[in-house]
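Quick notes on the structure that follows.
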Amino acid sequence: MTEPLLKVQNLSRHFGSGATAVRAVDDVSFDIAHGETLGLVGESGCGKTSLVRTLLKLGPATSGSVLLDGVEITSASGPQLHGLRRKMQVIFQDPYQSLNPRLRVDRLIAEPWALHPGVLPKSKWREETVRLLESVGLRAEHAERYPSEFSGGQRQRLGIARALTLDPTLLVCDEPVSALDVSVQAQVVNLLARLRRERNLAMLFVAHDLAVVRHVSDRVIGKIIETGPKQSIFSAPAHPYTQALMSAVPTPDPRLRGQRSRIVLKGDLPSPVDPPSGCRFRTRCWKATSICADQEPALTNRTAAPGLLTACHHADPGFSANAG
Ligand SMILES: Nc1ncnc2c1ncn2[C@@H]1O[C@H](COP(=O)(O)OP(=O)(O)O)[C@@H](O)[C@H]1O
Ligand SMILES: [Mg+2]
């Protein structure tokens, strides 16, 4: 049995304390294998960015453990944390905020090499910068420009190039295309999928809808509600919430479009300060009964689908999402 690259165990991140604490990340556990891409899907405000920031130790964990190659991140500091940062890079949602506007692209790209001496000698910076720019679909002359001279999609490409400077083993992508025009979203997703193959990168790919995640991920987790092989999640999810998400994914095959009805969720997102008893999804679920308020459903195999774990008292294997 090989150790996973990333092992997250019972991780929580709360803001504030006591009865008014916002439980942004609450007892989350998952693994990512070397070279694997895990998709993480959840609605806006459900704690995805808080999870990402806690994983990268950009903010403190309230409890739980994060192991990268067997080394604990949550308690790391100094040179050890510096070393871990090298292996784990991040791309954020907003390419307008994540790049320092005062730095020319060649400086932006070379900054990580300056912060991690010994990775690449200065004499090689120029050559490697051009190679990286070209590998993300930009050109050598872009090295002399400033971030403000680029479009949103190009800026996200710059962010990706910068994230690759230290040759990370894990790339965390927090809604990398949500802020981009729909017309360029697919290009950036395809770029990430190609880089991942070429470099055997492991990725955590975070998104608020499944349409984006399905193209890049080997395995998908919703927020603890359902997990399994990609085919099962996309073609026959058993959890009502996954079914609702799936019904919102555009079908590429026009013949199937008319056959599928969109499931629209009713009601407001529950407050993370005071989540519902039992199943957290029940207040917006059309299948909810009294057991859903009384007992939190465990994540177990409830259908005939091998490897499909579903946290729902009313898991229904009959749903077909017509995943094309
Ligand atoms: N620094 C913070 N202080 C207090 N509350 C926060 C902070 N950051 C996020 N939150 C709250 O945590 C919850 C999850 O936010 P976030 O992680 O940004 O969700 P997502 O990325 O899934 O949209 C939200 O209720 C948000 O208001
Ligand atoms: Mg977010």
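Just follow the structure's listing: the first ligand is 1, and inside any ligand the first atom is 1.
Panel detail: the Mg ion (ligand 2) has protein N, O or S atoms under 2.8 Å away, 1 in number.
The closest side-chain donor-acceptor pair between H314 and T289 falls under 3.5 angstrom. Of the N and O atoms on the side chains of S98 and R155, not one donor lies less than 3.5 Å from an acceptor on the other residue.
A salt bridge between R86 and D167 is absent, with no side-chain N of the basic residue lying under 4.0 Å from a carboxylate O of the acidic one. Salt-bridge annotation for K48 and E175: present, with a side-chain N of the basic residue lying under 4.0 Å from a carboxylate O of the acidic one. The existence of a salt bridge linking E127 and K122 is excluded, since no basic side-chain nitrogen approaches an acidic carboxylate oxygen closer than 4.0 Å. In this structure, E111 does not pair ionically with R107, as no charged nitrogen and carboxylate oxygen lie closer than 4.0 Å.
Using the six-membered ring where Trp is involved, H82 and H116 have ring planes that are parallel, under 30° apart on the 30 and 60° scheme.
Where the criterion is an N or O separation shorter than 3.5 Å, residue side chain and backbone included, E175 fails it with respect to ligand 1.
Short contacts between ligand 1 and T49, defined as distances under 4.0 Å to a heavy atom of the residue, involve ligand atoms 17 (O), 18 (O), 20 (P), 21 (O). Annotation for ligand 1: atoms under 4.0 Å from non-hydrogen atoms of G47 are 14 (C), 16 (P), 17 (O), 19 (O), 20 (P), 22 (O).
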